[in-house]
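Notes for the one structure printed next.
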Amino acid sequence: MQINKITIFLGTGLAIVLSALRPAGAQSPAARPDDSTRAITLQEAIELSYRQSPVLEARRLAREASVDRRKAAWGLRMPQLNASATYTYLSDEIKAFDLNKEKNAVLEQLGQLPLPVPIPDQIVQAVQGLDLSLTLQKQQFAVVGASVILPLYMGGKINAAVNAAKINIEKQDQETLKAQTDLFAEVVERYYALSLARHVLRVREEVTAGMRKHLDDARKLEANGMIASTEKLYAEMFLARAEGEQTAAALQAATVNRALGASLGQTDTYLPITALFVFDDLPALAYFQQRVKQNSPILKQVELTRRLADEGVRAARSAFLPEVAAMGAVNAWDWQLTDLAPRWMVGAGIKLRIFDGLSSEYKHAAAKKERQQVEVMQAKAEDDLMTLTEKLYNQLKSSAAEVEALEASVRFAESYLDAKQRAFGEGMASSSDVVDAQLNLAKARIERIAAACTFDLTLSRLLALAGETESLSGYMRRPDCRIITNGQ
């Protein structure tokens with residue numbers, strides 16, 4: 001929520017620095033439209049910016065990502081089903097026993113004994129061909145199977161993750177609301193900055209026209225010998241200055257128009273037709289402060305951050321608790337796998353960390369300190385917003401009173417200029433008197449318009465702070481609402 005400084009140079013070189021906060025309005029054109037000008041209301045400008053804003057589109061995508069992350073967190077509760085295929089090559093076959101070496105040794109010993117009857121060769125060969133071993137697992141085998149793991153209790157870690165994901169969605173919603181209120185403030189600020197610039201340009205055009213008429217009168221009076229030539233030269237000097245200030249005002253209006261177009265995502269020449277307005281009967285300060293406490297997206301984001309810190313503490317505390325899970329596996333197909341291997345299995349397991357270098361203890365302590373930090377900042381944020389609300393409320397009342405005072409100044413300046421013009425035509429006033437009266441009227445008109453702009457901008461900023469931007473149009477329709485234009 002930035003405050004722009006709009007500097008308007010008056011005819012005598014006096015500069016008025018106007019604080020442009022954020023805007024509001026009613027219905028009334030501030031300048032003459034032409035064929036290339038697009039008339040637009042404040043509500044139309046706000047709605048157009050919402051549709052065209054890349055910031056809001058980015059916030060929408062961020063929220064969708066948070067929703068996906070919450071679904072991912074819910075997946076932690078679900079069973080984990082895995083399929084696997086493995087091929088294994090062992091260095092040796094796995095045998096239960098192998099008596100082939102002993103068999104050969106016995107046959108060799110029998111061959112050396114002095115037997116009365118030699119063992120027939122057929123028997124020896126038959127015995128040598130016997131395999132006296134039992135193979136449990138061949139050297140190569142492959143298995144295709146599936147396994148499932150179902151978490152039963154993770155110490156609260158899964159619950160903390162799911163809750164944190166849900167809070168993050170709420171936080172994204174508040175960040176989207178904050179981005180929308182910021183965009184509202186930007187559009188309203190630039191909309192009324194353009195309205196103010198067009199009002200100033202209109203005043204400058206009137207001053208220039210008045211100076212031209214005054215110079216024409218001065219030339220006629222000089223020709224009749226009623227005034228000195230210096231009076232005419234004085235009028236010529238201020239006409240040139242008025243024309244220069246009119247050119248500067250037109251350039252200022254063009255610059256603000258481009259800024260508004262950037263906010264709306266379109267390049268055009270805009271004519272704001274939602275007029276500046278004021279009203280005197282303000283709601284009580286306590287009303288605005290209560291609305292800020294209830295609806296402020298800033299305070300809601302801080303509260304959600306605190307809730308996230310709570311879940312962070314729960315997640316860190318889960319490291320001290322046991323983890324319990326059920327599991328199961330099945331072999332769907334195998335090749336050369338021993339028949340002794342089971343074809344399926346089910347079971348349950350429990351894991352409890354005994355010592356991890358005090359890492360869990362320090363993480364838990366850090367999570368608790370982070371929660372305390374958020375709680376401290378939450379209290380400060382609320383105090384700061386209450387102070388800012390009071391400041392804006394007081395500025396709102398001050399601006400309303402200033403508009404009322406300046407309306408009297410404008411009426412006096414108009415009457416004073418009329419009197420000086422008549423006196424100058426009768427030779428009873430100097431050219432400088434008329435010029436000063438003309439510039440004094442321009443100054444009073446610009447100050448009145450600027451005060452009304454400050455009122456509307458302050459009201460809009462206050463509503464944005466409370467998250468109630470949609471209520472601005474309701475204030476415009478109040479029965480005590482007064483529209484402020486150059487003609488009033």
Side-chain angles (χ1 to χ4, degrees), residues 1 20-31 33 38-53 55-56 174 176-199 256 259-261 263-266 268 270-285 287-292 294-298 389 392-393 395-397 399-400 403 449-485 488:
M1 300 181 180
L21 292 151
R22 292 209 166 108
Q27 295 300 113
S28 176
R38 175 184 175 183
I40 187 171
T41 66
L42 177 58
Q43 188 61 35
E44 290 172 345
I46 293 172
E47 292 174 356
L48 181 59
S49 69
Y50 287 169
R51 292 194 300 268
Q52 300 290 338
S53 173
V55 175
L56 294 184
Q174 293 304 317
T176 299
L177 178 59
K178 177 64 168 55
Q180 185 170 310
T181 57
D182 288 345
L183 182 60
F184 165 85
E186 177 185 289
V187 171
V188 175
E189 178 179 343
R190 293 180 178 182
Y191 183 92
Y192 272 118
L194 179 58
S195 178
L196 179 59
R198 281 182 168 271
H199 278 298
V256 179
L260 177 60
S263 295
L264 303 185
Q266 297 181 359
D268 212 335
Y270 296 100
L271 173 64
I273 60 175
T274 300
L276 299 164
F277 71 97
V278 296
F279 55 84
D280 299 319
D281 188 15
L282 294 174
L285 172 61
Y287 167 80
F288 285 108
Q289 289 182 329
Q290 183 64 26
R291 303 307 292 173
V292 170
Q294 291 178 352
N295 300 326
S296 171
I298 297 176
T389 302
L392 293 175
Y393 182 82
Q395 186 174 354
L396 203 59
K397 295 182 65 176
S399 298
V403 170
I449 290 293
C453 186
T454 300
F455 178 92
D456 296 338
L457 297 172
T458 306
L459 176 62
S460 299
R461 187 181 180 191
L462 192 57
L463 295 177
L465 195 66
E468 293 188 346
T469 55
E470 69 283 351
S471 65
L472 178 60
S473 59
Y475 285 97
M476 296 179 185
R477 294 190 294 268
R478 288 171 59 106
D480 60 338
C481 177
R482 303 195 313 276
I483 295 175
I484 305 298
T485 66
Q488 292 181 293

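These figures come from a predicted structure and were not determined experimentally. Counting begins at 1 with the first residue of the sequence.
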**Message:** Going by side chain to side chain donor-acceptor pair (under 3.5 Å), name the residues that satisfy it together with E468, two or more places apart in sequence or in a different chain.
**Reply:** R291, N295
**Request:** Check the pair Q52 / L264 against side-chain contact (heavy atoms from CB on, under 4.5 Å), numbers first and verdict last.
**Result:** CA-CA 7 Å; Q52 300 290 338; L264 303 185; over 6 Å; no
**Item:** Check: T389/Q289 side-chain N/O donor and acceptor closer than 3.5 Å
**Value:** no
**Item:** Separation between CZ of F277 and CD1 of I483, rounded to the nearest 0.5 Å
**Value:** 9.5 Å
**Complete:** Rounding to 0.5 Å, atoms SG (C453) and CG (L276) come to a distance of 5.5 Å
**Prompt:** Distance from I273 atom CD1 to I40 atom CD1, nearest 0.5 Å?
**Reply:** 8.5 Å
**Listed partners of I46 passing side chain to side chain contact (heavy atoms under 4.5 Å, CB included), at least two apart** = L42, Y50, F184, V187, V188
**Request:** Using ring-ring contact (aromatic ring centres under 6.0 Å, His included) as the criterion, list what pairs up with Y393, not counting sequence neighbours.
**Result:** F288
**Request:** First locate atom CD1 of I298, then atom NZ of K178, and finally report the distance between them rounded to the nearest 0.5 Å.
**Result:** 5.0 Å
**Message:** Within the structure provided, determine whether L271 and R198 are in side-chain contact (heavy-atom separation under 4.5 Å).
**Reply:** yes
**Message:** Could you work out, with side chain to side chain donor-acceptor pair (under 3.5 Å) as the rule, every residue matching D281, not counting sequence neighbours?
**Reply:** none
**Asked** Do you know the tightest heavy-atom contact between Y191 and T274?
**Response** OH-N, 2.9 Å
**All side chain to side chain contact (heavy atoms under 4.5 Å, CB included) counterparts of S473, not counting sequence neighbours** = R477
**Message:** Within the structure provided, determine whether D280 and R482 are in side-chain contact (heavy-atom separation under 4.5 Å).
**Reply:** yes
**Asked** What pair of heavy atoms forms the shortest contact from V256 to R190, and how long is it?
**Response** CG1-O, 3.7 Å
**Nearest heavy atoms of S195 and P272, plus distance in Å** = N-CG, 3.8 Å
**Reported CZ-to-OG1 distance for the pair R461 and T454, which is rounded to 0.5 angstrom** = 12.0 Å
**With sequence neighbours excluded, residues passing side chain to side chain donor-acceptor pair (under 3.5 Å) with Q290** = none
**Results of side chain to side chain contact (heavy atoms under 4.5 Å, CB included) for R51 - residues two or more places apart only** = E47, L48
**Complete:** CG of D456 to CG of L472, rounded to nearest 0.5 Å, is 8.0 Å
**Request:** Report yes or no: is the cationic atom of R478 (NZ for Lys, CZ for Arg) under 6.0 Å from the centre of the six-membered ring of F279, at an angle within 45° of the ring normal?
**Result:** yes
**Asked** Ignoring hydrogens and geometry, is there a side-chain-to-backbone donor-acceptor pair from Y270 to A45 under 3.5 Å?
**Response** no
**Request:** Locate the shortest heavy-atom distance separating S399 from A451; write the atom from each residue and the value.
**Result:** CB-O, 3.9 Å
**Request:** Grab the two heavy atoms, one from L465 and one from P297, that are nearest each other, plus how far apart they are.
**Result:** O-CD, 4.2 Å
**Message:** Run the side chain to side chain donor-acceptor pair (under 3.5 Å) test against S53 and tell me which residues pass, sequence neighbours left out.
**Reply:** none
